[in-house]
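In what follows, every chain begins at residue 1, and chains take the letters A, B, ... in the order their sequences are listed. Values in this document were obtained by computation on a predicted structure and should not be read as measured data.
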Number of protein chains: 2
Amino acid sequence: MRNTRQITQVVRLPVLSTAVAVVLAGSAAVTSGQENSAGPLLLKSQGSFFVGGETRHTDATTGTPGGFFFPNEDDIKVNQMYVQFQIPESDAHRVPVVMLHGCCLSGKTWETTPDGRMGWGEYFVRKSHAVYIPDQSSRARSGFDATTVNEVRLGTQPPSALPSIFIFGRKAAWELFRFGPAFPTAFSDQQFPVEAMDEFGKQVIPDLNATLPTPNPTFANLAALGVRVGGAVLMGHSESGFFPEEAALTDPEGVKGLISIEGVCSTTLTQPQIATLAKIPSLIIFGDHLADVPSVSGLWVGALNGCQQFVDQINAAGGDSQMLHLPVAGLFGNSHMLMQDKNNLQVADLILAWIERHVEGRHERGRH
Amino acid sequence: MRNTRQITQVVRLPVLSTAVAVVLAGSAAVTSGQENSAGPLLLKSQGSFFVGGETRHTDATTGTPGGFFFPNEDDIKVNQMYVQFQIPESDAHRVPVVMLHGCCLSGKTWETTPDGRMGWGEYFVRKSHAVYIPDQSSRARSGFDATTVNEVRLGTQPPSALPSIFIFGRKAAWELFRFGPAFPTAFSDQQFPVEAMDEFGKQVIPDLNATLPTPNPTFANLAALGVRVGGAVLMGHSESGFFPEEAALTDPEGVKGLISIEGVCSTTLTQPQIATLAKIPSLIIFGDHLADVPSVSGLWVGALNGCQQFVDQINAAGGDSQMLHLPVAGLFGNSHMLMQDKNNLQVADLILAWIERHVEGRHERGRH
């Protein structure tokens, strides 16, 4: 406990962000199942497309000797990234926002919450932003390179060649996502809708990033997406928390802002890399109870401290970077899945205000 | 060639459907990339949820001995089905429509076409139907049971236990989906946008149905979805062409209509099964060139004939079943991916008219 208290003091140190000064009263708009009390949604357009991807020749389109109906030899697509989008009728030149999910999840992250409320995808559209929601390369509707599994079945590769697929279990999610101090106990002030844990568990799907080449193609795909839409704020979460920065380091042209939610920041950036990132406004967000789950407190406190170092480096280089640690801003009980927490629209309002000030420059920029 | 002509005669035999009598002039509404000339879209609500799924205990949440950060032993979710939905502001009590994709594809099937036009999902919403788009259990955002792959990597199962994952290559897709007589030649009257073949290839993703138990959980999940939304027309395609009928045989309560597109119908139904299905209006749809791709002509002609037998059996039992073979109805050049063909909205209009007459009973029912 002594240790925990010490760590808690450390994590409460960061300076109060200017973004938290905005009014916290979020819209009460919610969806319950298929109901929606927020009123009709008016879209200019919607759809989906892919960015990136390469053609790859393979001898293992199935794991069945001789193939199935067609030979096992053919050309397939790998490393592409699926993107779903909605553009509001009233976009009024607001900056587009790309929302990228984390480990063992998909674009579902940003849709209806497990207990049936409105997700950030629709909420940002209602706030006049075009929203682009990808599935990471190798996840969900982006597909993955399954040839190695077939090759091992066919005997042309050994079992050791198989990817280690990361399947996130219920207990692991409960603790790593900080729903409570240990499964199945919840924090008394928990904002995550733990009563909908069963529904949440269904959106947790196998993570196949171990099948990807290095560097992860999602970095370049995110950068290409930013260019394609004429510039966007890139938002990452957890596993992908630092992907927006990785995308900007790949090609900063289409990156207008960087939002890293509960991720691990790089602490080994070179001066040229810092100089590149210092040209783009960035916001780092963490929820509550970072030090209060014994099995993962080291990870989360380390992540916060590493990201604070990133913020300090960017600002020392003349950039505009902010740390938004929610309990410091007066929001308590937020989990790792803060875009699905019961106060998710309050948190969204802080982000929307930050975008307006720091990316769109609609108000005088409040520097630290 | 003699053989092909004989088969062509066989496949043109089915009686002209009443549905084709409706005006064929489809809306010219298209989206080009992120543009949309169809005008704003007004939604009452949208979102996503899961149906089905079970909790499964596993010792292989990773393929790494000892696990990764957490032990390999945990509870995970399997067999759930992800469903995305949109409800138009003007739904006016039209029947909801569920659109289920086929092999090696996802819900993306029904979204923006590879060349950037509007897909059936949005088009049906614009025609006042609530639309529900699932990813099949074990596909895309529904996740899949990856434990066997990890077990083989860990050495607790032999390589022969691996699923044979079906990855659909470019040549195989070209021929099985009848874009032309042989890859890379296209039919001169081809309706599929073959110039966008590269973009199409990116939506073709690994099919993991080999990881599923028997019967396929998607059958019961589809039936549950129909009940959850208060009754719906179920539409299947290709691999899932007969899934609507399988769902109705699992539980007919929420099934108001059956649409099977380019699938393989069961020819071994029992009399009680036929009696159950005869209580629900059904529409079977096939495109053009069924006999004109040498590598797959037997498959497609057999599928058409098997489905004609189904139609005849249902009608002989007093049911209302129709065969809509598009070239017989005067629409030529349609591929297997007819929901993405250049005349996709014309084909959709035939289906919308069928739903109106045969499911909603808005006009006197035209029986055969």
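Options Ala210(A), Gly47(A), Ala146(A) differ in how many heavy-atom pairs under 4.5 Å they form with chain B, and the most are formed by Ala146(A). The greatest number of non-hydrogen atom pairs below 4.5 Å with chain B, out of Gly107(A), Pro159(A), Pro206(A), is found for Pro206(A). Per-residue counts of heavy-atom pairs under 4.5 Å with chain A were compared for Arg139(B), Glu175(B), Lys202(B); the largest is that of Lys202(B). Chain B forms the most heavy-atom pairs under 4.5 Å with one residue out of Ser48(A), Gly63(A), Gly143(A), and that residue is Ser48(A). Contact count against chain A (heavy-atom pairs under 4.5 Å) is highest for Ser106(B) among Ser142(B), Ala173(B), Ser106(B), Gly121(B). The greatest number of non-hydrogen atom pairs below 4.5 Å with chain A, out of Asn150(B), Val152(B), Ile205(B), is found for Asn150(B). Comparing Gly155(A), Ser160(A), Gly53(A), Pro163(A) by heavy-atom pairs within less than 4.5 Å of chain B, the highest count is held by Pro163(A). Ranked by heavy-atom pairs shorter than 4.5 Å toward chain B, the options Leu105(A), Asp207(A), Leu176(A), Asn72(A) are led by Leu176(A). Annotation: maximal heavy-atom pairing with chain B below 4.5 Å, among Asp135(A), Val78(A), Leu299(A), Leu154(A), occurs at Asp135(A).
Note: Gln84(B) CD to Glu111(B) CD = 6.0 Å, rounded to the nearest 0.5 Å. Summarising the geometry, atom CG belonging to Leu162(B) is positioned 7.5 Å from atom OG1 belonging to Thr148(B); distances are rounded to the nearest 0.5 Å. Remark: Asn209(A) CG to Ser137(A) OG distance equals 8.5 Å, nearest 0.5 Å. With rounding to the nearest 0.5 angstrom, the CD1 atom of Ile167(B) is 14.0 Å from the CZ atom of Phe68(A).
If you measure heavy-atom distances from Ala161(A) to chain B, you find no contacts under 4.5 Å at all. Contact of Phe183(B) with chain A is not made at all, since no heavy-atom distance falls under 4.5 Å. Both the backbone and the side chain of Asp198(B) come within less than 4.5 Å of a heavy atom in chain A. When heavy atoms are compared at a cutoff of 4.5 Å, Gln86(B) approaches chain A solely by way of its side chain, counted from C-beta outward. With a 4.5 Å cut-off on non-hydrogen atoms, Ser295(B) touches chain A through its backbone and its side chain both.
Using a 4.0 Å cut-off between charged side-chain N and carboxylate O, Arg56(B) and Asp145(B) make a salt bridge.
Side-chain atoms of His57(A) and Glu73(A) form a donor-acceptor pair, as typed in the model, at a separation below 3.5 Å.
Residues His101(A) and Pro134(A) approach most closely at CD2-O, 3.5 Å, considering heavy atoms.
Annotation: cation-pi pair Arg94(A)/Phe124(A) absent, no NZ/CZ under 6.0 Å from the ring centroid and within 45° of its normal. In this structure, Arg141(A) fails the cation-pi test against Tyr82(B), since its NZ or CZ atom is not both closer than 6.0 Å to the six-membered ring centre and inside 45 degrees of the ring normal.
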